[in-house]
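Contents: one structure, followed by commentary.
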Amino acid sequence: MESRYNPADIEAKWQRTWEETGLARTPDKSAKPKFYALSMFPYPSGNLHMGHVRVYTIADVIGRLKRMQGYRVLNPMGWDAFGLPAENAAIERGIHPAKWTYQNIAQMKGQLQKLGIAFDWEREVTTCAPDYYKWTQWIFLQFFQAGLAYQKEAAVNWDPIDQTVLANEQVDNEGRSWRSGAIVERKLLKQWFLKITDYAEQLLNDLDKLTGWPERVKLMQANWIGKSTGAYLEFPIVGLEDKIGVFTTRPDTVCGVTYVVLAPEHPLTPKVTTPERKAAVEAFIAEIASQSETDRTAEDKPKRGIPTGGVAINPFTGEEIPIWIADYVLYEYGTGAVMGVPAHDVRDFKFAKENQLPVKVVIAPSGEDGSKTLEAAYTEPGIMVNSGQFNGIPSESGKMAVITEAEKQGGGKARVQYRLRDWLISRQRYWGAPIPMIHCPSCGTVPVPEADLPVRLPEDVEFSGRGASPLAKLDNWVQVPCPSCGEPARRETDTMDTFIDSSWYFLRYTDAKNESQPFDKAVVNDWMPVDQYVGGIEHAILHLLYSRFFTKVLRDRGLLNCDEPFQRLLTQGMVQAMTYKNPVTGKYIPPAKVNPSNPKDPDTGEDLEVFYEKMSKSKYNGIDPLEVLAKYGADTARMFILFKAPPEKDLEWDDADVEGQYRFLNRVWRLASEFTGQLPTKSINLDKLTKAEKDLRRATHTAIKEITADLEGEYQFNTAISELMKLSNALADTSSKQSPVYAEGIKTLILLLAPFAPHVAEELWQNLGGTGSVHEQSWPEFDPDALVLDEITLVIQVMGKTRGTIQVPADADKAALEKFARESEIAQRYLGDAEIKKVIVVPGKLVNFVVGK
RNA sequence: GCUCCUGUGGCGAAAUUGGCAUACGCGGCAGACUUAAAAUCUGUUUUUUUGCGGGUUCAAAUCCCGCCAGGAGUACCA
């Protein structure tokens with residue numbers, strides 16, 4: 001056996017061997033239980049970064065563990081390959097998006113393979129390949145047939161740099177594009193939408209089924225869906241037939257309405273405006289329209305609005321109330337109009353104070369009559385007052401009473417409102433799946449027949465980076481006969497949001513080569529749902545919500561059976577590295593130019609701020625995985641990443657800790673190299689073990705127990721590895737290296753190490769004469785008898801304070817424990833002749849004496 | 001503003017879920033080996049204490065209340 005641990009040699013060798021023997025290939029259906037381990041597939045940028053290393057390592061450990069535990073495992077990999085960067089490369093460097101993308105894929109695949117992840121590459125999925133996007137288009141047609149895909153003229157988010165429309169979700173809260181960072185403009189265009197709002201209630205309710213998801217992700221989705229329960233109420237307008245419909249969550253406060261506010265864009269705005277207010281209202285609307293989203297939503301911005309001159313009637317009190325328009329009322333939400341109840345809504349209170357509108361109290365805390373002047377809005381529940389027939393009703397039940405009355409009068413009803421909007425999927429871009437529709441002057445919008453799929457992206461395209469989509473400029477591609485009437489028609493030139501591609505890729509993996517359908521129903525039902533999904537928290541809302549939506553729609557189309565695609569979700573933290581920043585100039589300084597023990601700016605001499613941040617080029621703190629692999633090997637990189645922090649927490653890169661893991665693998669290597677015995681094939685004779693042997697055997701079986709537990713439930717790779725270290729330490733320190741117990745320990749250590757550091761484990765396994773691959777062995781099981789101690793350490797406390805410990809027989813009962821404790825020298829010393837009022841005995845742990853004062 | 005999470009040695013982190021706080025690793029220090037260094041090995045180090053203040057309990061990092069600090073999500077959602 002080679003005496004030195006040389007990762008470079010053994011890693012390449014085993015990666016080749018595993019490839020040849022098909023270790024990672026997904027087994028055929030059998031009696032074995034299935035396990036679908038999935039990591040979020042990458043965008044093929046061309047370069048692997050540490051974030052990738054972390055996700056795929058986590059999923060790989062889980063996959064390898066499950067294989068050893070007797071599951072047939074599916075652990076696939078693919079490419080989220082459509083998207084803007086490829087098109088930008090085409091514009092900037094004149095390289096075709098397809099060529100650029102496939103080059104990147106080849107490069108990244110090579111890098112990924114060096115990590116030693118057991119991916120089944122035979123199921124590789126590439127979303128920009130026609131044999132994939134054919135089915136993306138087919139699924140779009142399913143949505144269309146279900147009435148879930150429709151076109152709408154809409155004010156959309158227009159990115160002036162990328163020259164495209166963005167989904168609401170792709171605009172950050174400063175009104176900037178998630179990709180280009182440009183301030184987004186509003187523009188009217190006819191767009192394709194998917195009706196995700198039809199599934200809002202299910203998407204919300206089924207969050208309860210996701211017991212294996214982090215609470216905070218479920219919470220973020222629930223907030224995003226934003227369900228509110230309330231009422232739709234109508235306010236008649238003086239002098240008009242029209243009524244103003246509002247949505248409110250507080251119908252119980254309706255008698256306190258002192259004004260109504262419309263969104264400036266509301267169609268009723270011009271109708272209710274009186275001639276003398278017309279000029280002012282139009283000026284106000286123009287001013288709002290010219291404001292960017294940023295200004296309109298700026299923090300602590302005062303609410304601005306003006307009266308229209310129009311008057312509405314509160315149907316519950318008969319009072320005449322003014323109609324205003326204001327910038328804080330959003331046209332897109334609810335009905336685009338709100339009722340103003342200054343006394344019981346914080347915003348309305350502020351708005352009323354600023355604009356001298358009356359405040360009318362209609363809810364009072366119990367015991368009060370509502371005559372007190374309010375300093376702030378009273379938003380708590382209370383008793384209805386000044387509300388005519390509703391006086392005296394508690395506000396919570398008053399909500400229903402008001403709704404019932406509104407229904408009786410025909411002026412309202414209960415209503416549930418969601419914040420979630422329909423999903424805008426049109427992109428005026430080339431590098432995406434073409435929307436398979438044809439616009440015919442006589443037949444209207446007609447789907448491309450299934451037999452004609454895929455609608456291929458034409459290859460001969462010019463990329464200028466300006467104006468309309470490159471597809472719209474290709475006359476010979478755009479012009480087609482109408483599939484329905486045969487007359488000249490035009491193709492839809494928009495492509496689909498790439499989030500569509502990633503909303504069903506996990507289904508395609510189950511049957512990746514199917515040429516006649518996106519996936520076979522029996523096959524997809526066999527593998528789905530995904531048992532463990534691993535990915536970044538940045539996808540907590542969009543990708544995960546869209547995938548859930550797709551799964552439900554495809555289920556309703558009869559294509560699969562599951563309600564939820566991802567049984568368990570692990571959101572791994574970022575990989576951060578140390579950055580140096582000059583707090584005066586705000587500039588980042590490359591670590592190579594800084595003395596770590598006394599960080600100063602090399603140019604100005606100023607003291608630098610030192611902290612951990614997500615790795616990025618602009619901060620000069622990126623660590624190239626390939627360099628780490630070259631220096632230490634994949635096993636060390638994996639061990640470091642798994643050990644340094646729990647998987648969901650951010651991880652701080654530290655070269656010294658990487659060295660530490662390298663040292664550990666070297667120690668394991670040495671232990672195994674110096675072992676001259678045989679790996680045991682049958683169980684050990686337990687009759688006459690020495691104390692040292694018993695201790696070692698306990699260490700071995702404790703490791704099995706703890707590591708197995710750490711990999712079930714919550715994944716705690718960091719503590720699992722610390723248990724490996726303990727076992728390794730116990731083996732190194734033992735005096736019974738000739739014992740079969742030692743051989744069992746060595747064998748167990750290698751088996752337990754296998755999911756974490758697969759190459760070293762395999763090499764050591766083979767060197768010690770193990771049969772077959774270490775990764776095909778059964779995961780070890782612990783012997784409970786091995787864990788039993790003859791003696792335990794009993795803690796002796798007085799008044800809850802630990803005063804010392806004694807050794808006692810492990811099988812002593814409560815009474816015996818108390819006796820040992822009372823007679824102990826420690827108790828004698830600390831108790832003296834104090835009166836013992838009570839003795840608490842926790843078997844196996846402690847005895848606590850409660851004494852009188 | 002609202003919602004949620006986190007706070008433990010010099011550092012990353014553990015703690016069977018109420019029962020010896022700091023496992024495991026990093027770093028530091030000392031020693032062995034060496035002409036010397038690296039590598040390796042051995043030993044040692046974090047000292048009434050789990051952000052702060054109260055409470056419950058025989059017993060609190062863990063449960064409850066109130067603060068403080070840091071982070072995340074969301075943002076006029078009626």
Side-chain angles (χ1 to χ4, degrees), chain A residues 4 172-174 214-224 226-228 230-231 246-250 253 261 263 296-304 326-330 332-341 344-348 350-351 417-421 537-538 540-541 573 612 639-640 643-646 648-661 663-664 666-667 670 705-706 709 716 718-729 732 793-805 837-851:
Chain A
R4 228 181 97 250
D172 69 15
N173 50 25
E174 286 173 16
E215 281 305 316
R216 66 171 180 146
V217 173
K218 289 194 272 184
L219 199 71
M220 280 161 72
Q221 293 216 350
N223 288 340
W224 190 263
K227 179 178 181 176
S228 4
V246 302
F247 172 71
T248 178
T249 54
R250 294 294 304 272
T253 64
V261 195
R296 225 177 131 168
T297 58
E299 219 175 310
D300 289 337
K301 195 182 75 68
K303 303 179 193 326
R304 298 177 53 233
D327 60 354
Y328 77 94
V329 178
L330 304 176
E332 296 82 13
Y333 182 78
T335 62
V338 302
M339 59 185 214
V341 189
H344 307 293
D345 181 276
V346 177
R347 280 159 315 173
D348 294 347
K350 206 172 162 212
F351 188 73
Q417 183 68 42
Y418 300 93
R419 208 189 72 118
L420 183 72
R421 323 251 172 97
I537 186 74
E538 68 273 20
I541 300 172
Y612 281 91
M639 291 290 283
F640 164 76
F643 179 70
K644 179 73 179 175
E648 64 283 352
K649 276 189 79 169
D650 288 347
L651 178 153
E652 295 173 358
W653 189 270
D654 182 348
D655 288 332
D657 283 322
V658 180
E659 292 275 358
Q661 290 307 314
R663 276 203 290 270
F664 172 64
N666 268 292
R667 279 201 294 273
R670 215 172 312 123
K705 180 172 182 251
E706 294 298 323
Q716 293 171 307
N718 53 334
T719 49
I721 290 176
S722 79
E723 293 297 331
L724 284 173
M725 290 170 168
K726 283 183 202 169
L727 175 56
S728 154
N729 290 344
T793 305
L794 184 74
V795 174
I796 296 176
Q797 295 185 336
V798 178
M799 297 298 284
K801 283 202 169 61
T802 299
R803 293 305 187 187
T805 61
K837 292 172 78 176
K838 199 172 165 189
V839 181
I840 287 149
V841 181
V842 182
K845 292 219 179 349
L846 61 79
V847 174
N848 184 14
F849 294 100
V850 183
V851 295

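Every chain is numbered from 1 and lettered A, B, ... according to where its sequence line falls, protein lines coming before strand lines.
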Provide, to the nearest angstrom, the distance between the CE atom belonging to A:M339 and the P atom belonging to B:A78.
->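 It is 12 Å, rounded to the nearest whole Å.
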
Determine the contact category for [X]: base if any of its heavy atoms lies under 4.0 Å from a base atom, sugar-phosphate if only primed atoms, P, OP1 or OP2 are that close, otherwise nothing.
{"X": "A:V338", "result": "base"}
{"X": "A:T793", "result": "base"}
{"X": "A:E332", "result": "nothing"}
{"X": "A:T802", "result": "sugar-phosphate"}
{"X": "A:G334", "result": "nothing"}
{"X": "A:R803", "result": "nothing"}

Has [X] got a side-chain N or O lying under 4.0 Å from the OP1 or OP2 atom of [N]?
{"X": "A:K649", "N": "B:U6", "answer": "no"}
{"X": "A:N718", "N": "B:G12", "answer": "no"}
{"X": "A:R663", "N": "B:G27", "answer": "yes"}
{"X": "A:N666", "N": "B:A39", "answer": "no"}

Between B:A13, B:A78, B:C24, which nucleotide has the shortest distance from any of its atoms to the side chain of A:K726?
->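 So the nucleotide nearest the side chain must be B:C24.
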
